[in-house]
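For reference, the structure is listed below as structure tokens.
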Amino acid sequence: MYFPNIPVIPYEGPNSTNPLAFKFYNPDQVIMGKTMKEHLPFAMAWWHNLCAGGTDMFGRDTADKSFGVEKGTMEHAKAKVDAGFEFMQKLGIEYFCWHDVDIVPEADDIKETNRRLDEISDYILEKMKETGIKCLWGTANMFSNPRFMNGAGSTNFADVYCFAAAQVKKALDITVKLGGKGYVFWGGREGYETLLNTDVKFEQENIANLMRLAVNYGRSIGFKGDFYIEPKPKEPMKHQYDFDAATAIGFLRYYGLDKDFKMNIEANHATLAGHTFQHDLRISAINGMLGSIDANQGDYLLGWDTDEFPFNVYETTMCMYEVLKAGGLTGGFNFDAKNRRPSYTHEDMFHAFILGMDAFALGLIKAAKIIEDGRIDGFIADRYSSYNSGIGAKIRSGEATLEELAAYAEEMGAPELPGSGRQEYLESIVNNVLFSC
């Protein structure tokens with residue numbers, strides 16, 4: 001055992017002060033016809049939880065993620081599998097997400113890397129069969145290695161493009177092997193630093209082509225899940241092509257990829273784009289492309305992707321409001337989050353997941369109450385009620401002509417002011433639901 005001093009984490013309720021117990025995440029609690037476990041398919045991010053040691057640009061690791069063996073070896077890769085499955089079992093987490101070079105050390109020769117991926121995926125598959133834990137999604141890391149300094153699909157060098165294609169092919173093979181529900185493209189370096197050396201149209205065409213090739217190959221080997229784009233506006237590239245949900249959806253539709261792709265929305269990425277988390281969720285949902293969620297939050301005082309574990313219940317409530325309104329996710333809630341650098345013990349890893357799972361559970365409870373309360377939905381319906389009859393109904397049905405609308409306006413004279421938006425009143429309703437007993 002890698003965590004011998006950590007028990008299976010129980011649910012003890014809101015009054016518990018036990019740091020190793022859930023206060024709000026009760027997997028069997030039924031909310032709006034489904035159990036909390038069904039509403040919240042949580043996933044562990046392999047890269048942060050089992051790999052990240054707290055390194056930042058000013059200092060080396062603070063956390064020991066060696067799990068008792070030498071890093072960079074296949075023995076270490078297997079130790080991470082053992083530690084990860086023990087961790088997920090103790091928390092009741094049923095899914096995990098991974099990049100290719102998270103689960104094995106990358107070799108100099110891609111053939112050797114692929115052999116290692118075959119070996120470790122066999123081992124992961126054994127653990128999955130023993131525990132019932134499942135793969136939510138897989139992906140290829142096409143941003144860390146120096147070869148991807150100018151992107152993968154957007155690279156200026158055809159040899160690098162071919163290497164990226166090889167990584168995608170193998171990552172899809174392993175995703176299918178592990179029964180993954182999705183496959184993610186995160187375009188961290190799919191962008192540019194300056195237009196002085198960049199052909200934007202050329203690069204976007206190549207990115208779309210790589211995605212199309214991935215879809216064709218994935219379907220040919222039996223992958224029936226969703227492909228995802230994970231939007232992010234910047235960092236590491238200054239200008240990334242998948243800036244936000246609206247930009248990514250427009251890109252997919254322009255290149256005819258929208259039937260196979262959905263969005264994987266990350267809270268911290270939405271805020272870096274100048275949006276709320278709720279905004280990118282809503283834009284994805286109304287376009288029928290809300291697929292999966294990277295569950296984290298950013299620090300509004302810092303201008304970069306901090307990947308903190310979510311604790312802001314207002315944000316998780318607004319997230320779950322969107323998810324419930326959309327009818328749920330095809331994917332899940334992946335904790336793409338890492339402990340703060342001074343939180344370096346193995347016990348801290350459990351505290352972080354308990355925090356995040358409780359934050360989303362409480363958000364689910366409160367979002368359901370907002371919907372059941374009905375005041376906000378009722379207000380919105382009333383706010384647009386002028387479109388239910390008369391000229392408004394003709395506008396909505398598409399029957400009205402521009403000439404007809406102009407004639408109506410001339411006969412009317414000046415319209416009255418629209419009804420009050422009552423933002424403050426609506427915000428008070430949210431607070432009333434959040435903080436009432």
Side-chain angles (χ1 to χ4, degrees), residues 47 51 55 57 72 98-118 137-175 183-221 223 227-244 247-248 250-257 260-261 264 269 272 304-305:
W47 53 99
C51 303
T55 295
M57 63 281 285
W98 55 275
H99 299 81
D100 46 4
V101 298
D102 305 325
I103 58 176
V104 296
E106 186 175 15
D108 292 333
D109 182 346
I110 193 170
K111 293 179 183 177
E112 172 59 19
T113 300
N114 288 347
R115 188 201 65 76
R116 294 176 184 180
L117 286 168
D118 288 335
W137 51 254
T139 187
N141 179 327
M142 300 186 294
F143 49 87
S144 294
N145 194 292
R147 69 174 64 90
F148 297 122
M149 66 177 69
N150 297 319
S154 64
T155 182
N156 60 300
F157 191 26
D159 286 2
V160 172
Y161 191 94
C162 293
F163 198 97
Q167 278 193 243
V168 170
K169 178 183 179 296
K170 191 62 177 180
L172 275 166
D173 289 336
I174 303 300
T175 299
Y183 184 87
V184 172
F185 279 89
W186 177 60
R189 297 197 189 275
E190 309 291 50
Y192 65 88
E193 298 291 341
T194 174
L195 286 172
L196 294 174
N197 64 9
T198 303
D199 185 332
V200 171
K201 186 172 185 293
F202 183 96
E203 291 191 358
Q204 290 196 339
E205 288 173 348
N206 272 6
I207 295 167
N209 184 54
L210 182 60
M211 290 178 173
R212 190 175 296 109
L213 293 173
V215 169
N216 292 341
Y217 178 72
R219 300 306 183 214
S220 77
I221 62 169
F223 178 61
F227 289 87
Y228 299 123
I229 284 185
E230 183 176 324
K232 190 179 184 183
K234 57 188 175 183
E235 191 197 67
M237 221 55 147
K238 182 168 31 173
H239 300 279
Q240 289 175 204
Y241 294 133
D242 51 2
F243 182 90
D244 61 4
T247 305
F251 170 86
L252 292 173
R253 285 182 171 158
Y254 183 81
Y255 288 105
L257 294 162
D260 292 284
F261 276 82
N264 182 58
H269 292 179
L272 285 175
W304 61 86
D305 192 4

For this session: Report the distance from atom CE of Met142 to atom NE2 of His99, rounding to the nearest 0.5 Å.
Result: 9.5 Å
Exercise. Hey, are the side chains of Asn145 and Glu106 touching, using non-hydrogen atoms and a 4.5 Å cut-off?
Worked result: yes
For this session: Can you label the angle between the His269 ring and the Trp186 ring as parallel, tilted or perpendicular, going by 30° and 60°?
Result: parallel
Seminar exercise, completed: dist Asn197:CG -> Asn156:CG (nearest 0.5 Å) comes out at 8.0 Å
For this session: Give a yes or no on whether the ring-centroid distance for Phe227 and Phe261 is below 6.0 angstrom.
Result: yes
Exercise. Of the non-hydrogen atoms in Asn141 and Asp100, which two are nearest, and what is the gap between them?
Worked result: N-OD1, 2.9 Å
For this session: State the OG1-CG distance between Thr155 and Leu210, to the nearest 0.5 angstrom.
Result: 11.0 Å
Seminar exercise, completed: Heavy atoms of Lys234 and Gln240 approach each other most closely as C-OE1, 3.3 Å
For this session: Give me the ring orientation class for Tyr192 and Tyr241: parallel if the planes are under 30° apart, tilted from 30 to 60°, perpendicular past 60°.
Result: tilted
Exercise. Which atoms form the tightest heavy-atom contact between Pro105 and Arg116, and what is the distance?
Worked result: O-NH1, 2.8 Å
Problem set entry | Stepwise side chain to side chain contact (heavy atoms under 4.5 Å, CB included) check, Thr139 with Thr175 | CA-CA 8 Å; Thr139 187; Thr175 299; over 6 Å; no
Problem set entry | Exercise: do Ser154 and Glu190 side chains pair donor with acceptor under 3.5 Å | yes
Seminar exercise, completed: Interatomic distance, CG@Asn114 vs NZ@Lys169, rounded to 0.5 Å, equals 8.0 Å
Exercise. Between atom CD1 of Ile221 and atom CG of Asn216, what is the distance when rounded to the nearest 0.5 Å?
Worked result: 12.0 Å
Exercise. With distance as the sole test, does Arg219 use its side chain to make a donor-acceptor pair with the main-chain N or O of Phe223 at under 3.5 Å?
Worked result: yes
Exercise. How about Asp173 and Tyr217: does a side-chain donor come under 3.5 Å of a side-chain acceptor?
Worked result: yes
For this session: Look at Asp260 together with Arg212 and state whether they make a salt bridge at an N to O cut-off of under 4.0 Å.
Result: no
